[in-house]
Protein chains: 2
Amino acid sequence: MPSNTAGPYDSEDTVVHVADLFRLLGDPTRLRIVLRCLSKPICVGDIAEQLGLSPPLVSHHLRLLKGARILRGQRDGKKIYYSALDDHIRCVIDDMVAHVGEPLDCEELG
Amino acid sequence: MPSNTAGPYDSEDTVVHVADLFRLLGDPTRLRIVLRCLSKPICVGDIAEQLGLSPPLVSHHLRLLKGARILRGQRDGKKIYYSALDDHIRCVIDDMVAHVGEPLDCEELG
DNA sequence: CAAACATTTAAACATGTGTTTATATGTTTT
DNA sequence: AAAACATATAAACACATGTTTAAATGTTTG
């Protein structure tokens with residue numbers, strides 16, 4: 001337990017860790033990549049093609065997202081399929097979208 | 001109207017907007033400031049003192065957070081008390097902390 | 001084994017942004 | 001109205017980071 005008068009989240013390690021996850025979701029390109037991985041596993045080439053990005057750029061972002069335990073990748077042949085590590089990321093994004101309050105038909109994201 | 005075959009969150013405006021909110025929570029100092037405002041309204045000077053930051057720096061971050069409608073400020077005398085704009089931010093942060101709090105047993109990463 | 005495909009790595013480049021410092025605005029009290 | 005306090009603004013600086021380009025690694029197929 002922290003010894004200061006801080007709230008529940010103020011452990012220095014936790015704050016830095018949580019901020020790091022938010023920061024990773026805070027880049028539009030990277031967020032788009034994450035969104036593509038939420039509904040179903042998808043390989044690097046398909047992400048690149050669908051988003052109009054170069055494979056190296058997508059791979060670079062995927063590496064960061066995998067390192068932060070936001071996404072996971074499993075190889076199938078020569079392709080590597082990326083998907084959400086767990087459901088928390090989905091909840092976080094859903095809550096944030098709710099905060100934004102912009103019209104969305106979230107049908108595929110259950 | 002999006003003209004591509006994108007998923008539910010891929011409206012360009014929404015993605016950029018959501019990413020912007022995540023980016024703001026992605027700085028440790030700024031996240032600490034937000035956390036101080038979640039439990040109860042708190043004024044700039046108190047935040048600065050409790051976190052060991054300069055008032056101008058705190059004010060600068062608060063301005064960004066207020067502009068993004070993450071926090072709101074209401075004046076009482078010469079002090080301005082900042083608090084969360086709504087509960088979505090609380091949910092987002094709670095979910096992310098839950099994500100961090102995972103024991104991380106599942107090391108089966110590609 | 002070699003060729004073709006999918007992904008990764010590394011370095012260079014450009015840009016964005018958090019922090020500091022100094023100054024200004026606004027509010028209350030005397 | 002002036003002084004003291006609380007917060008906000010602006011510019012300069014230092015650092016972090018997203019993107020591009022080129023080369024390398026790993027996997028399957030002929």
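Proteins come first, then strands; the chains are lettered A, B, ... in the order of their sequence lines, and each starts at number 1. Not measured: the values here are computed from a predicted model. Because only heavy atoms are used, hydrogens play no part in the values below, and waters and symmetry mates are left out as well, while side chains stay in.
Regarding B/I80, its CD1 atom lies at a distance of 13 Å from the C1' atom of D/dT9, rounded to whole Å. To the nearest angstrom, C1' of C/dA3 lies 10 Å from NZ of A/K78. In this structure, B/D20 places its CG atom 8 Å from P of C/dT17, rounding to the nearest Å. A straight line from CD1 of A/I33 to P of C/dT7 spans 13 Å, rounded to a whole angstrom. Atom-to-atom, CD1 of B/I47 to P of D/dT7 comes out at 9 Å; the value is rounded to the nearest Å. B/L57 places its CG atom 17 Å from the P atom of D/dA10, with the value rounded to the nearest Å. In this entry the distance linking CG of B/L51 with C1' of C/dG18 reads 15 Å, nearest Å. For A/L62 and C/dT9, the CG to P distance is 11 Å, given to the nearest whole Å.
A 4.5 Å side-chain heavy-atom check between A/R32 and A/P28 finds at least one atom pair inside the cut-off.
Note on B/R23: a side-chain N or O is less than 4.0 Å away from OP1 or OP2 of C/dT17. Between B/R63 and D/dT9 there is a side-chain polar atom (N or O) within less than 4.0 angstrom of OP1 or OP2. An OP1 or OP2 oxygen of D/dT17 is reached within less than 4.0 angstrom by no side-chain nitrogen or oxygen of A/H61. A sub-4.0 Å separation between OP1 or OP2 of C/dT7 and a side-chain N or O of A/S59 is absent.
The SG atom of B/C43 sits 11.5 Å away from the NZ atom of B/K78 when rounded to the nearest 0.5 Å.
Within 4.0 Å of A/Y82, counting heavy atoms only, lie sugar-phosphate atoms of the nucleic acid but no base atom. In this structure, A/H60 reaches the bases: a heavy-atom distance under 4.0 Å links it to at least one base atom across the strands shown.
Pairs engaging residues 20-31 of chain B under the salt bridge (charged side-chain N to carboxylate O under 4.0 Å, His left out) rule: B/D20-B/R23 [sequence neighbours left out].
Looking at the side chain of A/S54, the nearest of the listed nucleotides C/dA6, C/dT20, D/dT21 is D/dT21. Nearest nucleotide to the side chain of A/L64, out of C/dT9, D/dG18, D/dT7: D/dG18. Taking the side chain of B/P56 as heavy atoms from C-beta on, and the options D/dT19, C/dA6, D/dA8, the nearest nucleotide is D/dA8. Here the nucleotide nearest the side chain of A/R75, chosen from D/dT21, D/dG26, C/dT21, is D/dG26.
A parallel orientation is assigned to the rings of B/F22 and A/F22, their planes being inclined by less than 30° (bins at 30° and 60°).
Along DNA chain D, the nucleotide nearest A/G77 and the nucleotide nearest B/G45 are compared for position; the residue whose nucleotide lies closer to the 5' end is B/G45.
With hydrogens and angles disregarded, no donor-acceptor distance shorter than 3.5 Å links the side chain of B/H88 to the backbone of A/V100.
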